[in-house]
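The structure appears below as structure tokens.
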Amino acid sequence: MAKTLLLIDGNSLAFRAFYAMHSQLDRMKNQDGLHTNALVAFNNFLDTLVDPMQPDYCLVAWDAGKTTFRTEKLDSYKGSRQSTPPELVEQFPYLRQLVEFHGIKSYELPGYEADDIIGTLAKLGAQADLAVTIVTGDRDLLQLVDENITVLVTKKGVTELETFDPAAVIEKYDGLTAEQIVDMKALTGDTADNYPGVTKIGPVTAIKLLKEWDTLENLYENIEALKKSKMKENLINDRQQAFMSQDLARIRTNIELPIGIDDINYRDADYEGIIPFYQMLNFKQQLAKLHAAGYGKNVNNMQPKQADIKMQAITEANLTEVAALTGEVSFYLETTSPNYHVSEMVGFAIGNDKQGYFVGRSVDWLLTPAIRDLLTSSTIKKNVYNAKATIVLLNRLGITLQNIATDIILAAYLLDTNTNVDDISELAQQFDYYDIESDESVYGKGAKFAIPTDDEILFKHLVNKVHAINQLTPKVMAKLVDHEQMPLYEKIELPLTYVLAQMEIAGIMVDTEQLKAQGSKLIERLSELEQAIYQKAGEEFNIQSPKQLGEILFEKMKLPIIKKTKTGYSTAVDVLEQLAPEAPIVEDILQYRQVAKIQQTYIEGLLKVVHSTDSKIHTRYMQTLTQTGRLSSVDPNLQNIPIRLEEGRKIRKAFVPSHVDWQIFGADYSQIELRVLAHITGDEHLQAAFKEDDDIHAATARRIFGLSKDEEVDGNMRRKAKAVNFGIVYGISDFGLSQSIGVSRAEAKTMIETYFEQYPGVNAWLKSVVAEAKLNGYVETLSKRRRYLPEINAKSFNLRSFAERTAMNTPIQGSAADIIKLAMINMQSALKDQGLQAQMLLQVHDELIFEAPTSEIPILEELVPKIMDSAVSLDVPLKVESHYGPTWFDAK
DNA sequence: TGGATCACG
DNA sequence: ACGTACGTGATCCAC
């Protein structure tokens with residue numbers, strides 16, 4: 001085998017790398033604000049392509065500067081190029097270091113471009129019988145291709161390359177050989193490099209001429225033989241230009257280089273030495289990979305290997321040692337699926353660094369006094385990953401987990417809401433801890449998921465998890481202190497975890513017969529509608545397929561196309577509503593959609609998740625998911641049960657109390673977000689409206705439409721004002737407002753301007769919160785909940801605008817979330833203190849749903865609003881309304 | 001798996 | 001000139 005020489009066009013690939021990850025430019029920065037997008041992509045290229053290639057010789061050639069022999073010949077050479085973006089310029093020195101760590105020399109030569117260095121070394125290599133490979137993003141280098149020299153050109157990003165050998169060049173250039181490429185450029189010129197060719201000659205003509213005359217020289221020697229034509233004239237006139245361009249396009253293959261092939265031996269990548277460099281660049285994934293491969297044992301931040309962890313499998317013999325654990329322990333309970341209400345418990349680990357870790361497969365061990373006492377002890381602190389899951393799981397075993405000190409996932413979410421991971425290893429990586437494999441790599445995924453039957457494998461992984469919890473605990477807690485988020489964590493989120501766990505465990509009773517009865521009626525209705533639709537369409541098709549429906553409506557029936565989506569015609573409600581007067585089928589389709597939604601999502605969907613054991617639905621509240629601090633509800637989602645339309649609202653009749661002679665009781669905050677807005681903006685007029693308990697939308701209408709105090713606000717004005725109020729909360733735009741109330745953009749703009757004149761405090765606050773976000777990179781709620789907005793300074797208008805709207809909305813939505821969370825905590829303890837049987841069951845963002853004995857209803861009507869409106873003290877009053885009835889439907 | 005649609009605050 | 005309202009989850013289809 002011939003020895004190999006690899007030559008890399010540094011600048012060209014750096015540009016490609018930069019633009020390959022350009023969309024993430026604002027997100028990819030290290031601790032010092034250095035952009036790393038090109039570095040990441042370039043590193044991927046080196047990792048995936050160069051390292052495995054293991055060439056004998058290798059060099060990355062760089063451009064030395066703007067002035068080269070080509071600019072001497074033509075002032076304007078490459079003169080039309082935009083200047084290199086500063087975000088890329090700052091990465092160049094580090095790109096060179098990166099290359100060095102990968103065992104590759106860098107080289108540049110004043111007066112020449114990287115191309116000329118590559119050309120010269122490629123020829124030298126070929127002469128020495130080396131197999132030469134060139135990697136570039138620039139097709140001009142294809143002129144170097146010959147039987148010994150192969151050129152790889154980037155196709156997409158920097159890791160997908162297209163290979164050019166002599167045959168491939170001929171194929172690509174329609175019969176032209178690699179040597180002829182220079183002459184082609186001479187004739188066509190190059191707009192990117194800004195040199196001219198011959199007037200009116202493009203690639204097609206150039207290829208035709210060169211196929212006939214072979215070279216530029218030969219063409220001009222025989223120029224008189226060409227038939228008289230405009231082209232011939234142009235060729236003759238532009239002769240000098242053509243030869244100058246040929247000279248510029250030709251890559252030099254014989255420049256004098258102070259280095260030779262022997263100076264560019266490839267050394268293996270220095271994976272050990274690169275670790276601090278990766279750490280500086282914040283390359284977490286790379287670090288994790290290296291660590292998994294066994295590097296970095298002696299580097300700071302890279303933790304001791306698993307072998308150093310004191311661990312033992314639990315036996316009858318060592319139970320006394322487990323029982324002797326004191327102070328603070330970490331605990332992890334493994335399951336086979338995320339739904340902890342039903343998932344199987346397949347193993348656990350418990351312990352601490354000092355006294356060791358204990359691991360077992362059977363959860364029966366947890367029921368032994370030794371371990372049960374630890375878990376229920378109010379003096380021994382527990383550190384966990386996902387406290388709520390752990391509480392619910394242990395509750396299934398009859399164990400009440402007490403005294404949780406740290407839930408690392410909850411804390412990590414408060415530190416950065418983007419941390420919504422469901423794997424300890426991912427979380428660990430974010431905190432520079434790498435001694436743990438991902439669940440996927442140990443258990444597999446999808447059909448291949450399996451808990452290892454080998455104790456050694458499972459136990460090691462479980463101990464790694466609990467050890468990781470133990471190591472991460474002080475790190476996350478220290479950061480909470482940095483962020484001034486300890487009160488948020490200790491007074492709101494952690495106490496809330498217990499409350500949510502109780503609500504989930506309680507579940508809500510469902511009358512399945514009621515649901516089934518509703519379901520059979522809906523099925524009948526659906527088949528009627530289906531027949532009507534087929535009949536009007538003149539054929540049968542899948543009504544639920546937007547594609548097929550679009551074809552029927554817009555192709556067969558030729559209805560006007562109002563809106564398109566990425567994939568075809570839009571058939572969304574607002575579109576269909578506009579089409580309804582045009583064709584009666586549309587009304588049927590709207591009906592069908594509505595009924596199908598209720599039937600599929602709410603009848604069948606809910607029936608599927610009713611637990612057979614207790615006829616209840618147990619949702620899970622995601623406490624570490626939303627970007628604003630709200631909860632979300634899954635499996636099933638009980639926060640989007642229909643209410644707006646009567647047909648759907650009937651679903652609520654199936655949600656009933658779990659005891660005879662009990663009621664469903666609900667209480668909701670009225671206008672909590674606008675009240676929060678009034679409070680944080682300090683706006684006098686908005687505050688006054690709430691202090692006087694005005695109808696807030698009517699009050700806004702009066703102000704933006706200039707009505708006096710006693711003038712009547714008509715329904716339409718109130719509707720528009722309500723949309724403005726919503727718009728303010730969402731981070732308003734004239735376009736958005738115009739869409740929502742169907743007025744012109746100009747009209748919407750005027751309304752917003754008037755609003756800001758009338759509520760100057762709101763205007764000032766919105767401006768200041770965006771400015772604050774731009775300065776800090778994040779915004780905060782009343783309780784110092786934090787949301788990072790990395791795109792707030794983005795160049796892209798869209799990304800930046802979105803971040804700005806988010807900056808305005810998050811403190812409002814998030815503070816409202818803070819308030820109801822506090823109310824829930826206070827509520828739970830009030831119910832307990834007063835010895836009530838009432839149980840809090842659901843939270844729907846601004847409302848709480850309870851079940852209670854009928855006899856307790858009068859007490860709740862006093863107590864619940866009182867607790868809710870006193871959760872925090874704002875500059876405006878909070879208002880709470882309550883309702884009750886025999887089902888959720890009736891609690892209105 | 002992603003897009004379209006639609007349910008909620 | 002850009003192309004938008006904020007925050008979610010479940011279902012279906014199509015690839």
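Just so we're on the same page: letters track the sequence lines, and every chain starts at 1.
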Check your understanding: Think A:Thr810 has a side-chain N or O under 4.0 angstrom from the OP1 or OP2 of C:dG7?
Key -> no
Point to revise | Phosphate OP1/OP2 of B:dG3 contacted by A:Thr565 side-chain N/O (<4.0 Å) | key: no
Exercise for review: Select base, sugar-phosphate, or nothing to describe what A:Gln739 touches, counting heavy atoms under 4.0 Å on all strands.
Suggested key: nothing
Practice item. Tell me, yes or no, whether the heavy-atom count around A:Lys556 atom NZ, taken from other residues, nucleotides or ligands under 6.0 Å, exceeds 12. Key: yes
Exercise for review: Take atom NZ of A:Lys722 and atom C1' of C:dC6, then tell me their distance rounded to the nearest Å.
Suggested key: 16 Å
Practice item. Return the nucleotide paired to C:dA1: Watson-Crick means purine N1 to pyrimidine N3 with N6-O4 or O6-N4, wobble means G-U with N1-O2 and O6-N3, both under 3.5 Å. Key: none
Exercise for review: Look at all strands and tell whether A:Ile598 reaches a base, only sugar-phosphate, or nothing, counting heavy atoms closer than 4.0 Å.
Suggested key: nothing
Check your understanding: In whole angstroms, how far is the P atom of B:dG9 from the CG atom of A:Leu674?
Key -> 15 Å
Exercise for review: Give a yes or no answer on whether the side chain of A:Asp694 reaches the backbone of A:Ile696 with a donor-acceptor pair at less than 3.5 Å.
Suggested key: no
Review point. Taking everything shown except A:Tyr592 itself, do over 12 heavy atoms lie less than 6.0 Å from its OH?
Key: yes
Exercise for review: Looking only at side-chain atoms of A:Tyr730, point me to the closest of C:dC6, C:dG9, C:dG7.
Suggested key: C:dC6
Check your understanding: Within the structure, does a side-chain N or O atom of A:Thr806 lie under 4.0 Å from either OP1 or OP2 of C:dC6?
Key -> no
Review point. Which value, rounded to the nearest 0.5 Å, describes the distance between A:Lys608 atom NZ and A:Asp635 atom CG?
Key: 11.0 Å
Check your understanding: Starting at CG of A:Leu789 and ending at P of C:dC6, how long is that distance when rounded to a whole Å?
Key -> 12 Å
Check your understanding: Quick check: are there more than 12 heavy atoms from other residues, nucleotides or ligands sitting under 6.0 Å from NZ of A:Lys774?
Key -> yes
Enumerate all atom pairs, one protein N or O and one N or O from nucleotides 10-12 of chain C, separated by less than 3.5 Å.
residue: C:dA10; atom: OP1; partner: A:Asp635; partner atom: N; Å: 2.9

Practice item. Kindly confirm or rule out a cation-pi arrangement of A:Arg805 over A:Tyr730, judged by NZ or CZ under 6.0 Å from the six-membered ring centre and within 45° of its axis? Key: no
Practice item. Measure the distance from CD1 on A:Ile543 to C1' on B:dC6 and round it to the nearest whole Å. Key: 17 Å
Exercise for review: Mind calculating the distance between CD (A:Glu804) and C1' (C:dA5) to the nearest angstrom?
Suggested key: 14 Å
Practice item. Could you please name the partner base of C:dA10, counting Watson-Crick and G-U wobble pairs only when both distances are under 3.5 Å? Key: B:dT5
Review point. Once you round it to whole Å, what is the distance between P of C:dG9 and CD of A:Gln843?
Key: 13 Å
Exercise for review: Quick one: pull up CD in A:Glu493 and OG1 in A:Thr624 and give me the separation to the nearest 0.5 Å.
Suggested key: 9.5 Å
For nucleotides 1-3 of chain C, which of its nitrogen or oxygen atoms have a protein nitrogen or oxygen under 3.5 Å away, and what is each distance?
residue: C:dG3; atom: O6; partner: A:Arg745; partner atom: NH2; Å: 3.3

Check your understanding: Which part of the nucleic acid, if any, lies within reach of A:Gln548 when heavy atoms closer than 4.0 Å are counted: base, sugar-phosphate only, or nothing?
Key -> sugar-phosphate
Point to revise | Exceeds 12 heavy-atom contacts within 6.0 angstrom, atom CZ of A:Phe889 | key: yes
Point to revise | A:Pro642, nearest nucleotide to its side chain (from C:dA14, B:dA7, B:dG9) | key: B:dA7
Point to revise | A:Arg745 NZ/CZ over A:Phe735 ring centroid, <6.0 Å and within 45° of normal | key: no
Review point. At under 4.0 Å between heavy atoms, what does A:Val844 touch on the DNA or RNA strands: base, sugar-phosphate, or nothing?
Key: sugar-phosphate
**Study point:** Spacing of A:Leu522 atom CG and A:Glu524 atom CD [to the nearest 0.5 Å]
**Key:** 9.5 Å
Point to revise | Distance, P atom - from B:dC6 to C:dA1, rounded to whole angstrom | key: 33 Å
Review point. Any N or O donor-acceptor pair linking the side chain of A:Gln639 to the base of B:dC8 at under 3.5 Å?
Key: no
Revision key, fill the gap. Contacts of A:Ala723 and A:Met622 projected onto DNA chain C by closest heavy atom; the upstream (5') one is A:Ala723
Point to revise | A:Tyr602 OH to A:Leu515 CG distance, which is reported to the nearest 0.5 Å | key: 13.0 Å
Exercise for review: Please check the phosphate of B:dC6 (OP1 and OP2 only) for any side-chain N or O of A:Arg593 closer than 4.0 Å.
Suggested key: yes
Check your understanding: What does A:Leu737 touch in the nucleic acid at a heavy-atom separation under 4.0 angstrom: a base, only the sugar-phosphate, or nothing?
Key -> base
Practice item. Test for a donor-acceptor pair under 3.5 Å between the base of B:dG9 and the side chain of A:Arg644, counting only N and O atoms. Key: yes
Check your understanding: In whole Å, what separates the P atom of B:dT5 from that of C:dA5?
Key -> 14 Å
Study note, to complete from the structure: Rounded to whole Å, the CE-C1' distance (A:Met751 to C:dA5) equals 14 Å
Exercise for review: Tell me whether the OP1 or OP2 atom of C:dG7 has a side-chain N or O from A:Arg787 closer than 4.0 Å.
Suggested key: yes
Practice item. Give a yes/no answer on whether the side chain of A:Thr628 brings an N or O atom under 4.0 Å of OP1 or OP2 in C:dT8. Key: no
Review point. If you check the A:Lys547 side chain, which of C:dA14, B:dG9, B:dT5 turns out closest?
Key: C:dA14
Check your understanding: Does atom NZ of A:Lys536 have more than 12 heavy-atom neighbours, drawn from other residues, nucleotides or ligands, at distances under 6.0 Å?
Key -> yes
Exercise for review: Mind checking A:Ile732 for me? I need base, sugar-phosphate or nothing, with any heavy atom below 4.0 Å counting as a touch.
Suggested key: base
